[in-house]
Amino acid sequence: SREKFAERMNRRAGQLGLDGTSFVTPSGLDDKNHYSTARDMAVLMKACLKNKQFREISGSKSRQVHFIYPPDKTVTYQNHNRLLSMYPCCISGKTGYTSAAGRCLVTAARKNGVTLIAVTLNDRQDWDDHIKMYEHGFSVVHKYSKKEISVRQDIVGGTADKVRIIIPKKKIFTSDNKKIKRRIHISPFEYAPVKKGECAGRVEYYSGKRLISKEEIYYAESVDYKQGITDFLKGLF
């Protein structure tokens with residue numbers, strides 16, 4: 001039912017952190033309890049871009065559809081997102097209009113390895129405004145890459161003296177021109193055993209003194225507990 005479909009939409013919205021969004025109808029037609037925000041639409045587009053089929057379909061100027069029933073019916077649909085033709089960097093988007101919401105547009109554009117998302121609500125000049133926002137955004141946003149590295153942590157009472165921890169490759173996008181610094185937080189040593197995939201600490205990325213991102217890091221291998229003479233004697237009795 002429409003109600004159950006909207007219920008699942010709201011559940012997914014909650015998972016994505018869309019705190020300013022409430023879905024009532026799958027179609028998005030006007031309803032006093034159906035609403036969202038520009039920020040939430042940007043987050044939703046970011047999630048949608050992870051879906052390959054969505055990227056391909058929403059990034060096509062037209063799409064031919066072969067019907068299951070009737071089996072001989074084929075229709076070519078034109079994409080209403082004119083930005084695909086007006087702005088070469090545009091890779092995806094979705095238009096929307098109701099009398100209450102006005103002209104709404106969510107698009108994504110990619111240039112030099114940087115992907116940006118633009119959202120306008122109730123904007124009669126949406127095509128031009130999106131291009132202006134992208135031109136500004138691409139002029140100030142920079143991409144930085146940090147290579148994957150590994151560090152070794154001392155292990156006490158293990159079958160090995162050290163264990164390897166991987167700090168994965170990281171892409172960072174920022175409008176700062178400051179050098180990106182990576183800070184690794186792990187304890188000087190750990191007691192055996194440790195398991196591959198367990199959390200070993202965290203890594204933080206800074207632009208100057210500003211924290212940009214932080215995430216957990218994990219053990220790349222396991223180290224078992226080394227059985228000593230005390231354990232051996234306990235095993236005998």
Colleague: Would a 4.5 Å heavy-atom cut-off, applied to side chains only, mark Q64 and H66 as touching?
Modeller: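 In short, these two side chains touch, coming nearer than 4.5 Å.
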Colleague: Work out which heavy atom in A192 is nearest to a heavy atom in G158; give both atom names and the distance.
Modeller: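 Taking A192 first and G158 second, the nearest heavy atoms are CB-CA, 3.5 Å.
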Colleague: Suppose we screen for salt bridge (Lys or Arg N to Asp or Glu O under 4.0 Å). Which residues come up paired with R11, at least two apart in sequence or across chains?
Modeller: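 In terms of salt bridge (Lys or Arg N to Asp or Glu O under 4.0 Å), with neighbours along the sequence ignored, R11 is linked to E7.
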Colleague: Could you report the tightest heavy-atom contact between M133 and T120, atom names first, then the distance?
Modeller: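 Scanning both residues completely, I find the closest heavy atoms to be CE-CG2, 3.7 Å.
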Colleague: For I165, which fellow cluster members are found when Ile, Leu, Val, Met, Phe, Trp and Tyr are connected by side-chain heavy-atom distances below 4.5 angstrom, either directly or through intermediates?
Modeller: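 I165 clusters with Y144, I149, V151, I155, V163, I167, I172, I180, I184, I186, V194, V203, Y205, I212, I217, Y219, V223.
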Colleague: So how far is it from K111 NZ to C89 SG, rounded to the nearest 0.5 Å?
Modeller: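 Result: 5.5 Å between the selected atoms.
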Colleague: Between E198 and K196, does any NZ, NE, NH1 or NH2 come within less than 4.0 Å of an OD or OE carboxylate oxygen?
Modeller: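 A salt bridge is absent here (no side-chain N lies under 4.0 Å from a carboxylate O).
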Colleague: Are the side chains of K178 and S207 in touch, meaning some heavy atoms are under 4.5 Å apart?
Modeller: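 Yes - at least one pair of side-chain heavy atoms lies under 4.5 Å apart.
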Colleague: What distance separates S145 OG from K169 NZ, expressed to the nearest 0.5 Å?
Modeller: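 Between atom OG of S145 and atom NZ of K169 there are 5.5 Å.
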Colleague: With rounding to the nearest 0.5 angstrom, report the NE2 to NZ distance, H130 to K132.
Modeller: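 Going from NE2 on H130 over to NZ on K132, the span is 12.0 Å.
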Colleague: Looking at side-chain heavy atoms only, is the closest gap between K61 and S85 below 4.5 Å?
Modeller: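 Contact flag for K61/S85 side chains = yes.
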Colleague: S150 and R164: side-chain donor and acceptor closer than 3.5 Å?
Modeller: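 R164 and S150 do not have a side-chain donor-acceptor pair below 3.5 Å.
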Colleague: Counting distance only, does the side-chain N/O of S22 pair as donor-acceptor with the main-chain N or O of N33 below 3.5 Å?
Modeller: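 Pair found, side chain donor or acceptor close to backbone of N33.
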Colleague: Check for a donor-acceptor pair, side chain of H142 on one end and backbone N or O of S175 on the other, with a separation under 3.5 Å.
Modeller: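 No; judged by distance alone, with no hydrogens or angles, the pair does not exist.
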Colleague: Could you check whether any side-chain heavy atom of W127 comes within less than 4.5 Å of a side-chain heavy atom of R103, counting everything from C-beta outward?
Modeller: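 Of all side-chain heavy-atom pairs linking R103 with W127, at least one is under 4.5 Å.
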Colleague: Restricting to side-chain hydrogen bond (donor to acceptor under 3.5 Å, both in side chains), what partner residues turn up for H136, sequence neighbours left out?
Modeller: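 side-chain hydrogen bond (donor to acceptor under 3.5 Å, both in side chains) list for H136, sorted by chain: empty.
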Colleague: For a 4.5 angstrom cut-off between non-hydrogen side-chain atoms, does L211 reach E204?
Modeller: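 Yes; the side chains approach each other to less than 4.5 Å.
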Colleague: Measure from NZ or CZ of R183 to the centre of the six-membered ring of Y206, then state whether that distance is under 6.0 Å and the direction lies within 45° of the axis.
Modeller: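 Judged by the rule (NZ or CZ under 6.0 Å from the ring centre, within 45° of its axis), R183 counts as positioned above Y206.
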Colleague: Just to verify, what does S187 make a side-chain hydrogen bond (donor to acceptor under 3.5 Å, both in side chains) with, not counting sequence neighbours?
Modeller: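 Expected list: Q153.
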Colleague: Taking only residues two or more places apart in sequence or in another chain, which ones pass side-chain hydrogen bond (donor to acceptor under 3.5 Å, both in side chains) with D31?
Modeller: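 Result, side-chain hydrogen bond (donor to acceptor under 3.5 Å, both in side chains) vs D31: none returned.
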Colleague: Applying salt bridge (charged side-chain N to carboxylate O under 4.0 Å, His left out) as the test, list every pair that has at least one member in residues 141-153; sequence neighbours left out.
Modeller: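 Residue pairs passing salt bridge (charged side-chain N to carboxylate O under 4.0 Å, His left out), neighbours aside: R152-E221.
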Colleague: Are more than 12 heavy atoms, taken from residues, nucleotides or ligands other than R8, located less than 6.0 Å from that residue's CZ atom?
Modeller: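 Counting other residues, nucleotides and ligands, CZ of R8 stays at 12 neighbours or fewer.
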Colleague: Tell me whether I117 is reachable from L16 by hopping between hydrophobic residues (I, L, V, M, F, W, Y) whose side-chain heavy atoms are closer than 4.5 Å.
Modeller: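 Shared cluster, yes.
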Colleague: Check V24 against H34 and note the closest heavy-atom contact, atom names and distance.
Modeller: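 Smallest heavy-atom distance, with atoms named: N-ND1, 2.9 Å.
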Colleague: Which residues end up grouped with Y218 if you chain together Ile, Leu, Val, Met, Phe, Trp and Tyr wherever their side-chain heavy atoms are less than 4.5 Å apart?
Modeller: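 Noted: Y218 shares its cluster with no other residue.
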Colleague: Let me confirm one number: the CG-OG distance from L121 to S36, rounded to the nearest 0.5 Å.
Modeller: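 Taking CG in L121 and OG in S36, the distance rounds to 8.0 Å.
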Colleague: Transitive ILVMFWY cluster of Y35 at side-chain heavy atoms under 4.5 Å: who else is in it?
Modeller: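 Grouped by the 4.5 Å side-chain rule, Y35 forms a cluster of one, so the answer is none.
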Colleague: Could you report the tightest heavy-atom contact between C90 and N81, atom names first, then the distance?
Modeller: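 That closest heavy-atom pairing would be SG-ND2, 3.8 Å.
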Colleague: Please name the pair of heavy atoms, one in E215 and one in P168, separated by the smallest distance, quoted to 0.1 Å.
Modeller: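 Scanning both residues completely, I find the closest heavy atoms to be OE2-CG, 4.2 Å.
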Colleague: I want to check something: taking the side chain as every heavy atom from C-beta on, are K73 and V75 in contact at a cut-off of under 4.5 Å?
Modeller: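 In contact.
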Colleague: Starting from V156 and following side-chain heavy-atom contacts under 4.5 Å between hydrophobic residues (I, L, V, M, F, W, Y), which residues can be reached?
Modeller: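 Members besides V156, by chain and number: F189, Y191.
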Colleague: Roughly how far, to the nearest 0.5 Å, is OG1 of T107 from CG of L116?
Modeller: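 Answer rounded to 0.5 Å: 9.5 Å.
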Colleague: Is there a path from F138 to L83 through hydrophobic residues (I, L, V, M, F, W, Y) whose side chains come within less than 4.5 Å of each other?
Modeller: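 Shared cluster, yes.
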Colleague: About how many Å separate CG of N10 and CZ of R12, when rounded to the nearest 0.5 Å?
Modeller: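 These two atoms lie 13.0 Å from each other.
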Colleague: How about S99 and D30: do any of their side-chain heavy atoms sit closer than 4.5 Å?
Modeller: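 When only atoms from C-beta onward are counted, D30 and S99 do touch, with a gap below 4.5 Å.
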Colleague: State, with a plain yes or no, whether a side-chain heavy atom of R55 is found less than 4.5 Å away from one of I91.
Modeller: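 Side-chain contact under 4.5 Å: no.
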Colleague: Which residue pairs satisfy the ring pair (Phe, Tyr, Trp, His ring centres under 6.0 Å) criterion with at least one member in residues 70-115, sequence neighbours excluded?
Modeller: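 For residues 70-115, and leaving out neighbouring residues, the ring pair (Phe, Tyr, Trp, His ring centres under 6.0 Å) pairs sorted by first residue read Y87-Y134.
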Colleague: N79: which residues meet the side-chain hydrogen bond (donor to acceptor under 3.5 Å, both in side chains) condition with it, sequence neighbours left out?
Modeller: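 Result, side-chain hydrogen bond (donor to acceptor under 3.5 Å, both in side chains) vs N79: none returned.
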Colleague: Among side-chain atoms of R210 and T174, is any donor-acceptor pair under 3.5 angstrom?
Modeller: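 R210 vs T174: donor-acceptor pair found between side chains.
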Colleague: Minimum heavy-atom separation for P26 to M9, with atom names?
Modeller: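 Closest pair (atom of P26, atom of M9, distance): CA-SD, 3.8 Å.
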Colleague: Could you go through residues 40-52 and list every donor-acceptor pair under 3.5 Å that involves a side-chain atom there, pairing it with any protein atom two or more places apart or in another chain?
Modeller:
{"residue": "D40", "atom": "OD2", "partner": "G20", "partner atom": "N", "Å": "2.8"}
{"residue": "D40", "atom": "OD2", "partner": "T21", "partner atom": "N", "Å": "3.2"}
{"residue": "D40", "atom": "OD2", "partner": "T21", "partner atom": "OG1", "Å": "2.7"}
{"residue": "N51", "atom": "OD1", "partner": "Q53", "partner atom": "N", "Å": "3.0"}
{"residue": "N51", "atom": "OD1", "partner": "F54", "partner atom": "N", "Å": "2.9"}

